[in-house]
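Beneath this line is the structure, given in structure tokens, with notes to follow.
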Amino acid sequence: MIDIRLIRENPKEVQEAISSLGADAPIDEIARLDERRRDILQELEDLRHQRNVTSKQIGQMKDEEKRKQLIEEMGGVNDSIKTFEKELRNVEENLEELMYQVPNLPHESVPVGEDESENKIVREEGKPKTEAEFGFAPLPHWDLGPQLGIIDFERGVKLSGSRFYVLYGLGYRLQRALINWMIDFHVTQHGYTEVYPPAIVKEICMWGAGQLPKFRDNIYQDIEDDLWLVGTAEIPLTNLHRDEIVEADKLPIKYVTHTPCFRREKFSAGRDVRGIKRGHQFDKVEMYHFTTPEASYGELEQIVRNAEDICRALEIPHRVVEMVTGDLGFVASKKYDVEMWAPGCGEWLEVSSCSNCETFQARRSNIRFRADAKAKPEFVHTLNGSGLALPRTVIAVLENYQQEDGSVIVPEVLRPWMGGVEVIRIEEAG
RNA sequence: GGAGAGGUAGCGUAGUCUGGCCUAACGCGCGCGCCUGGAAAGCGCGUGAACCGCAAGGUUCCGUGGGUUCGAAUCCCACCCUCUCCGCCA
């Protein structure tokens, strides 16, 4: 949710900003309803004032005659109040519905661009290994995994349909090792507090994090109990402090968590169907900050660095990409992706997406802080960043560390979390 | 699933039976000051939020939504949520 004052005061600029996102929003209609709302409020408040004053008089009145007369007069006032109240409710309902459809506005530093093809590569670290350096043609993980007996696509489909798979043995062990290692890394090296939140939440949480109404079709839902499966830990983490006022000295609050994520992938039908890159269910380690407006952009850079630290420790080539306006999405003011190179499938995999949402989620979720004890509460800024998404990190490990005989070397940092295993071999993997 | 209790401002609670002095009290916490070598304690003062308005000021909010009434935290109806006990259970 953006501040309606922006629309009230600079409707043109807001309209342009939204156009730069390649999005659309009913700004004119919002401005019209906002004005009508304020007009009604003015009328209504005058009438209510009149009612309050008169009612008080009636309560104290001794003269029965005058008393009856006043009560009579109040009849008309009450009718007007009821009429205005009804219209106000109507206008506010419409206004809110429209406001929920307005995307977040881009930060001034975000490069203008049509779509992802114009995203800027900010920096790159580690050289992708060439085929010559490998000494053989590296396999994609959808060949490597089944060959090692650690990924089973057929049985995944048997259980749950397309875009599901089963991990076995050292494959699953590798994922577990990554999860625990990454969480420990963020806790000990980056100062995060680890949390374990619910992965299915009430509808209100979906609105608060900006998932509804826009992404309704992409969310799994239990209709009977009105519970929604989260597509990212960002949702429960945002809602941890919903309707709270946080003291400034507690900020920044930095959480790291690991949850399953569920996505219907209705918007990507037919894309990335091979392998484990885009499943309906996947695990993700997620970083999340609640912070002040002054600190948020510095912290966005920090979150990106935190994600890069993981890539670096794994010794996998990676790069940071800055999103242009056309690829920002609905909730971010500014966003970076971190991508790992996957030599088998020959593409850069988005393993992390780091966003500063400024007050967009905080407004929807009513999360505020007090700069000091006397200050008025103001909205916090919220930031999120994957640290990292599991299946894609598993892909990158398998494809970068594969050897000619089909075995995969375990990255050194992971070995303590792998029970000392150094190589995943065909004969021992399962 | 059964029975009961409850939802009041950052937290804890009073007020509801008996509608108007509720413009919501009190405690904790927090802020300022006094005191002190410094602090704690103590004492004094202050301290909810949102919206409209240049301002003065006004309006709204006692879980949510309706209703009754000149007037509702208080009465009536519906719904939501939380807790406790029992049952079942990883």
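Residue numbers start from 1 in every chain, and the chains themselves are labelled A, B, ... in the order their sequence lines are given, proteins ahead of strands.
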Rounded to whole Å, CD1 of A/I245 lies from P of B/A49 at a distance of 7 Å

Rounded to whole Å, CD of A/E45 lies from P of B/C52 at a distance of 10 Å

Across every strand shown, the nucleotide meeting Watson-Crick or G-U wobble geometry with B/G37 (both distances under 3.5 Å) is none

task = State, without any angle test, whether A/H289 and A/T291 hold a side-chain donor-acceptor pair at a distance under 3.5 Å.
result = no

request  = Could you give the distance separating B/G42 and B/U36 at their C1' atoms, to the nearest angstrom?
outcome  = 12 Å

ask   = B/U59 and B/C76: how far apart are their P atoms, nearest whole angstrom?
value = 28 Å

Would you call the rings of A/H190 and A/Y192 parallel, tilted or perpendicular, taking 30° and 60° as the class edges? perpendicular

message: Are there over 12 heavy-atom neighbours, none belonging to A/Y100, within less than 6.0 Å of that residue's OH?
response: yes

Under 3.5 Å, N/O pairs linking protein and nucleotides 78-80 of chain B:
none

Per the under-4.0 Å heavy-atom filter, residues of residues 78-93 of chain A near RNA chain B come out as A/N78, A/R89

May I ask you to say what A/L41 touches in the nucleic acid, namely base, sugar-phosphate or nothing, with a heavy-atom cut-off under 4.0 Å? sugar-phosphate

_Using the C1' atom as the point on both nucleotides, what is the distance between B/G12 and B/C30, in whole Å?_
15 Å

Regarding the side chain of A/M74, the nearest nucleotide among B/C70, B/C52, B/C21 is B/C70

Above 12 or not: heavy atoms from other molecules or residues under 6.0 Å from CD1 of A/I4?
-> yes

Sorted by position of nearest nucleotide on RNA chain B, 5' first, the leading residue of A/R48 and A/G59 is A/G59

Would you indicate what A/R67 reaches in the nucleic acid, counting non-hydrogen atoms under 4.0 angstrom: base, sugar-phosphate, or nothing? base

By ring pair (Phe, Tyr, Trp, His ring centres under 6.0 Å), A/Y220 pairs with (sequence neighbours left out) none

Side-chain atoms of A/I58 come closest, of B/C52, B/A50, B/C70, to B/C70

Taking a pair to mean Watson-Crick or G-U wobble geometry with both distances below 3.5 Å, B/C32 pairs with B/G44

Would you say the rings of A/Y297 and A/H381 are close, in the sense that their centroids are separated by under 6.0 Å? no

Closest of B/C52, B/G58, B/A49 to the A/R8 side chain is B/C52

When both distances are under 3.5 Å in a Watson-Crick or G-U wobble arrangement, the nucleotide paired with B/U18 is none

Taking a pair to mean Watson-Crick or G-U wobble geometry with both distances below 3.5 Å, B/C89 pairs with none

Comparing A/R5 with A/Q50, nearest RNA chain B nucleotide closer to 5' gives the residue A/R5

Are A/F360 and A/F330 an aromatic pair, judged by ring center distance below 6.0 Å? yes

Check: Between A/F290 and A/H241, does the ring centroid distance fall short of 6.0 Å?
Finding: yes

The residue among A/L105, A/I18, A/T359 that forms side chain to side chain contact (heavy atoms under 4.5 Å, CB included) with A/I2 is A/L105

- Message: Would you measure the distance from the P atom in B/C70 across to the matching atom in B/G65 and give it in whole Å?
- Response: 23 Å

Under a 3.5 Å limit on both distances, the Watson-Crick or wobble mate of B/A73 is none

If pairing means Watson-Crick or G-U wobble with both distances under 3.5 Å, then the partner of B/G6 is B/C81

